[in-house]
Amino acid sequence: MTDATRLDADETEFLAAVRAGDAARFALLTERHRRELQVHCYRMLANYEDAQDMTQETFLRAWHKRESFRGHAALRTWLYRIATNACLDFLKKPTNRTPVASVPTEPDSEVMYLQPYPDQMLPEDPQESVVARETIELAFIVAVQHLPPRQRAVFILRDVLGWPASTAADALELTVASVTSALQRARVTMREQLPDRRLDWRSPATHELSSDERGAVTSYIRAHERNDLDALMSLLRDDLRFAMLPDPGTVTTTARDAVDGWVSGGLFQRGHDDWRGITTTVNRMPAAALYLRAPGDSQYRPFAIAVLHIVDGMIAELTGFDATDKPWLDLAPTL
């Protein structure tokens, strides 16, 4: 059975469920798209928990708007349209989010509400679901947040999902000329934000960690477990970009200054010197999940997850996140 035949059959079944008011069948057919819609919402919002909420909002809106589905567009396209507008409505509301810098190229700007995305929640078929590695990496997600919301939506629909300008315009209730103009402006910002990265986001990309990446993560974990500060410094580039969210700002620092800063902040001191770690991935990036055993405790418990960008075997970017109280990261609760 071809993909087109399968999609046609799905949409025919969906239309039948809509006309019959069959909520259970409606939910089953839309649920198949949950993971890819959640990734789409994450690109729009940069926050895993918000993406979960907006995906659920998408399904609620879809049920309430079910009569608007006529089968003229694919079911997937119809759901993406609803999800995109749910995210845009969310971004209009006052929240406790720290806004991104007004100057996109400001080097220390950061997205304070950024959360890592667990790889186990990505769609099982990344090519079919248009989840190229570059478009889920943290640097890409942060860069997208510097776009105004509607421009962000245009960019994701056109350059990530590959929608025609007319389809994107219809989804956002814009003219084709407005979509084209917004996309041109978005591309300029993205090139400013990602000057050294590949910008052809729709072409295939590898999803496997390289030997350099695996080796660097392993060495990073071993340096923690041994409290070996010299080994840790040897892994860090002197132009390291470091952020520990939700603390403000990304800093570019030398290896020595980075390690000295961590030590002065209490790491590798008594009470923060009994480490274990496991290699993992989030956002299709190599990561080290660090566990700490506190004095008097018999077990190691999640402390932080360090997401690494490796260049020539060395750590060029390190984004740290608090790993406590985040069951969706799917980390073992103890070691």
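- Salt bridge status for Arg256 with Asp238: absent, with no side-chain N to carboxylate O gap under 4.0 Å.
- A distance of 6.0 Å or more separates the ring centres of His272 and Phe268.
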Show the numbers, then the answer: is there a side chain to side chain donor-acceptor pair (under 3.5 Å) between Thr55 and Arg34? CA-CA 7 Å; Thr55 303; Arg34 178 179 292 275; 5.7 Å; no

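- Taking a 6.0 Å sphere around CD of Glu173, one finds it holds 12 or fewer heavy atoms contributed by other residues, nucleotides or ligands.
- A search for side chain to side chain donor-acceptor pair (under 3.5 Å) contacts involving Tyr117 returns Gln38, not counting sequence neighbours.
- Residues passing the side chain to side chain contact (heavy atoms under 4.5 Å, CB included) test with Arg293 are Asp274, Asp297, Tyr300, sequence neighbours excluded.
- Heavy atoms from other residues, nucleotides or ligands lying under 6.0 Å from CZ of Arg32 number more than 12.
- Looking only at atom types and distance, the side chain of Thr77 has no donor-acceptor partner in the side chain of Arg81 under 3.5 Å away.
- With no hydrogens or angles considered, no side-chain donor-acceptor pair links Gln299 and Tyr291 at under 3.5 Å.
- Residues Met44 and Ile156 are in side-chain contact: their nearest non-hydrogen atoms beyond the backbone lie under 4.5 Å apart.
- For an aromatic pair to be called close, the ring centres must be under 6.0 Å apart, and Tyr42 with Tyr48 fails this.
- Legend: residues meeting side chain to side chain donor-acceptor pair (under 3.5 Å) with Thr334, ordered by chain and number and at least two apart, are absent.
- Not counting sequence neighbours, the partners of Asp239 by the salt bridge (Lys or Arg N to Asp or Glu O under 4.0 Å) test are Arg237.
- For Glu57, the side chain to side chain donor-acceptor pair (under 3.5 Å) partners at least two apart in sequence or on another chain are Arg61.
- Listed by chain and residue number, Thr175 satisfy the side chain to side chain donor-acceptor pair (under 3.5 Å) test with Ser178 (two or more places apart in sequence, or in another chain).
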